[in-house]
Amino acid sequence: MKICDAHIHLGKSGPWQPYMNPTIYTDTLIPLLNKYAVEQAIVFPNPNVGDKYPEMNDYIAESVKKYPKRLVGFGRVDPRRNDAIQELNRIKTKLGLTGLKLHPFVECFRPDHPFFNKFFHKTNELKLPILFHTGDGFSSPGLILKIAKKYPKLHIILGHLREASINALAECENVYVETSGTLPDFIELAADIDENRVLFGSDIPYYRYPTQIAIVEAANISQKTKRNVFYENFRRMLNQK
Ligand SMILES: [Zn+2]
């Protein structure tokens with residue numbers, strides 16, 4: 001089955017993951033996409049503490065220029081920084097990137113705090129869809145849902161589909177979920193709500209294709225729904241901007 005992947009990290013690693021090195025460049029990534037028949041993928045920088053994101057965004061833009069049919073570039077911005085809005089503008093207008101990846105735990109910010117109103121206002125104005133890491137604390141789907149409700153035209157993708165994200169999917173039509181690290185049961189529940197808003201994601205290089213593809217394959221959903229999750233939904237979402 002043809003695949004599009006909504007969650008890949010690309011470029012050099014930040015000072016994280018002391019037990020592994022997640023640095024991955026296009027010369028490794030493109031053959032990997034070919035091996036698993038991944039036609040197109042959203043790529044964005046590895047986690048960092050903020051000051052390195054601009055140069056990491058540059059590498060994403062360079063990679064997209066080299067492989068425009070295979071890669072869709074999302075930028076990373078630390079919303080706490082004074083130059084955050086400037087960098088948002090730069091990734092869209094100068095680098096031509098398509099969206100934004102945010103990790104409220106790594107970048108240590110509470111999405112619904114009023115300090116970030118201007119940041120999200122600008123993201124919405126620039127029409128940059130956001131892929132949010134979701135988890136506990138600042139990354140909880142309930143907090144991210146507040147942003148989705150405030151900007152109903154902005155596509156919000158909740159990474160690592162978890163149980164709490166299923167409510168968000170039901171409540172807001174601009175919310176999508178992404179499957180890296182999830183369970184087949186959650187994919188079944190999400191597809192019951194809207195099979196057109198579930199996107200396959202691998203979280204390469206932190207997870208591996210055989211396990212992430214197997215999670216979707218194991219879900220008790222129709223072949224048509226699987227095709228939507230693996231491929232069609234991704235293309236529809238990006239064309240819908
Ligand atoms: Zn990730």
Side-chain angles (χ1 to χ4, degrees), residues 3-26 28-29 32-33 36 38 40-50 52-53 56-57 59-60 63-64 70-79 91 97-109 111 123 128-141 143-144 147 155-162 164-165 168 175-183 186-187 190 198-216 229-230 233-234 237-238:
I3 293 180
C4 287
D5 187 338
H7 189 147
I8 290 185
H9 297 264
L10 180 64
K12 101 180 156 186
S13 155
W16 298 86
Q17 310 282 355
Y19 48 87
M20 70 177 277
N21 183 359
T23 295
I24 174 170
Y25 296 113
T26 48
T28 308
L29 180 66
L32 191 65
L33 299 184
Y36 291 96
V38 179
Q40 211 176 19
I42 292 175
V43 293
F44 43 81
N46 272 308
N48 205 286
V49 281
K52 293 281 188 293
Y53 281 150
M56 294 166 99
N57 290 334
Y59 180 69
I60 297 297
S63 306
V64 172
R70 309 297 299 280
L71 306 179
V72 177
F74 276 28
R76 285 187 82 153
V77 177
D78 182 338
I91 64 166
L97 299 184
T98 305
L100 182 66
K101 159 73 188 280
L102 290 175
H103 197 310
F105 172 69
V106 167
E107 285 118 30
C108 197
F109 72 101
T123 307
L128 290 166
I130 309 174
L131 169 64
F132 272 98
H133 170 86
T134 59
D136 299 326
F138 287 173
S139 299
S140 63
L143 290 180
I144 299 164
I147 307 297
H155 290 149
I156 303 279
I157 309 161
L158 303 178
H160 316 304
L161 166 57
R162 40 176 40 225
S165 302
V175 166
Y176 289 72
V177 291
E178 172 272 304
T179 62
S180 61
T182 190
L183 295 170
F186 295 158
I187 294 174
V198 184
L199 306 169
F200 170 75
S202 67
D203 206 358
I204 296 288
Y206 300 95
Y207 295 137
R208 298 175 193 186
Y209 271 125
T211 54
Q212 299 312 301
I213 291 170
I215 292 169
V216 179
V229 173
F230 274 128
N233 295 344
F234 177 102
M237 184 198 70
L238 289 176

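Being a predicted model, the structure only gives us computed values, none of them experimental. Numbering starts at 1 and runs along the sequence shown. In each ligand, atom 1 is the first atom listed, and ligand 1 is the first ligand listed.
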What residues, two or more places apart in sequence or in another chain, satisfy side-chain contact (heavy atoms from CB on, under 4.5 Å) together with Ser63? Leu10, Thr26, Tyr59, Leu71
With sequence neighbours excluded, tell me which residues meet side-chain contact (heavy atoms from CB on, under 4.5 Å) with Ala164. Pro141
Metal-centred angle, the Zn ion (ligand 1) as apex - NE2 of His7, OD1 of Asp203, 10° resolution: 90°
At a threshold of 2.8 Å, where the distance has to be below it, does the Zn ion (ligand 1) have an N, O or S atom of His160 nearby? no
Under 2.8 Å from the Zn ion (ligand 1), can any N, O or S atom of His9 be found? yes
Ignoring hydrogens and angles, tell me if any N or O in the side chain of Gln40 forms a donor-acceptor pair with the backbone of Arg70 under 3.5 Å. no
Side chains of Glu107 and Tyr53: is there a donor and an acceptor less than 3.5 Å apart? yes
